[in-house]
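Throughout, numbering of the chain's residues begins at 1 and tracks the sequence. All of these numbers come straight from a predicted model, not from anything done at the bench.
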Amino acid sequence: MTSPTFEFTALSSASAAALRSKGGEIYIADEPQCYPCRQCLQDANVGEELILLSYNPFGSKSPYRSASPIFLHRHDCGDPTSDDHLPDQLAIRQLSVRSFDADEMMIDAAVIDGADLPTTIDAMFADELSHMLHVHNAQRGCYAVRVDRAR
Ligand SMILES: [Zn+2]
């Protein structure tokens, strides 16, 4: 599924490297589709090593700023292969989607099935005040990805 109207913004290699350097809890994936990496936007394969740590996706003094748990592959795993394709790791999960204006103030939010994410993104971006979206796993609260308007 593609859309020309938005793009998924995963953690950059530099951001992921900075987070890894601070350390975290090490996991070895023991089931498929349970350990979603937020750099490559792939769920880890069984046997792959990950690190669990906290990440604050906000850049300002927004009252909504907070750190959330994320998994990363333990070692640099590269960028997602495409930034407008709905990653499987999002499509298979229940998600919380939060819309923020340019001042990082929340203006809309919804809990959805991941397969409905593109529709939800389009609906939230129909509001011209919506600057970007944050997606979290609805159940465990892990930060998943940022969504930006296509440039
Ligand atoms: Zn990865």
Novice: Apply side chain to side chain contact (heavy atoms under 4.5 Å, CB included) to the pair D148 and F8, showing each step before the final yes or no.
Specialist: CA-CA 6 Å; D148 290 288; F8 295 106; over 6 Å; no

Novice: May I have the step-by-step check of side chain to side chain contact (heavy atoms under 4.5 Å, CB included) for H136 and S68, ending in yes or no?
Specialist: CA-CA 9 Å; H136 289 73; S68 299; 3.4 Å; yes

Novice: By the definition side chain to side chain contact (heavy atoms under 4.5 Å, CB included), identify the one residue from E104, M105, M106 that meets it with P63.
Specialist: M105

Novice: Which heavy atom of P57 sits nearest a heavy atom of S66, and at what distance?
Specialist: CD-O, 3.4 Å

Novice: Within the structure provided, determine whether C77 and C37 are in side-chain contact (heavy-atom separation under 4.5 Å).
Specialist: yes

Novice: Between R151 and E7, is there a salt bridge with N-O shorter than 4.0 Å?
Specialist: yes

Novice: Where the side chain of Q139 meets the backbone of Q94, is there a donor-acceptor pair that is under 3.5 Å apart?
Specialist: no

Novice: Rounded to the nearest 0.5 Å, what's the gap from CD1 on I51 to CD1 on I70? Could you check?
Specialist: 9.5 Å

Novice: Taking all atoms of both residues into account, what is the closest heavy-atom pair of A18 and S21, and its distance?
Specialist: O-OG, 2.7 Å

Novice: Taking it one step at a time, do L72 and R20 satisfy side chain to side chain contact (heavy atoms under 4.5 Å, CB included)?
Specialist: CA-CA 8 Å; L72 294 171; R20 287 185 184 101; 4.0 Å; yes

Novice: Got a second to check how far C40's SG is from H73's NE2, nearest 0.5 Å?
Specialist: 5.0 Å

Novice: Distance check, rounded to the nearest 0.5 Å: E25 atom CD versus F71 atom CZ?
Specialist: 10.0 Å

Novice: Got a second to check how far H131's NE2 is from R149's CZ, nearest 0.5 Å?
Specialist: 9.5 Å

Novice: Apply side chain to side chain contact (heavy atoms under 4.5 Å, CB included) to the pair L19 and Y55, showing each step before the final yes or no.
Specialist: CA-CA 8 Å; L19 289 167; Y55 172 63; 3.7 Å; yes

Novice: Which pair of heavy atoms, one from F58 and one from Y64, lies closest together, and at what distance?
Specialist: CE1-O, 3.3 Å

Novice: Would you check if there is a donor-acceptor pair between the side chains of Q39 and D76 at a distance under 3.5 Å?
Specialist: yes

Novice: If you define the side chain from C-beta out and look only at heavy atoms, does anything of L133 sit under 4.5 Å from F125?
Specialist: yes

Novice: Check the angle between the aromatic planes of Y27 and Y35 and answer parallel, tilted or perpendicular using the 30° and 60° thresholds.
Specialist: tilted

Novice: Between H134 and F100, how do the two ring planes meet: parallel, tilted or perpendicular, split at 30° and 60°?
Specialist: tilted

Novice: Would you name the heavy atoms of S130 and M124 that are closest together and state the gap between them?
Specialist: CB-O, 3.3 Å

Novice: Per the salt bridge (Lys or Arg N to Asp or Glu O under 4.0 Å) rule, which among D113, D116, D43 passes with R93?
Specialist: D43

Novice: Give a yes-or-no answer on whether the side chains of Q89 and R38 include a donor-acceptor pair shorter than 3.5 Å.
Specialist: yes

Novice: Can you tell me which residue among L117, L41, N137, V147 is in a side chain to side chain contact (heavy atoms under 4.5 Å, CB included) with L90?
Specialist: L117

Novice: To the nearest 0.5 Å, what is the distance between CZ (R98) and CD1 (I107)?
Specialist: 14.5 Å

Novice: Quick one, P118 and F6 - any side-chain contact, counting heavy atoms below 4.5 Å?
Specialist: yes

Novice: If you compare all heavy atoms of V46 against all heavy atoms of D30, which two are closest, and at what distance to 0.1 Å?
Specialist: CG2-C, 4.1 Å

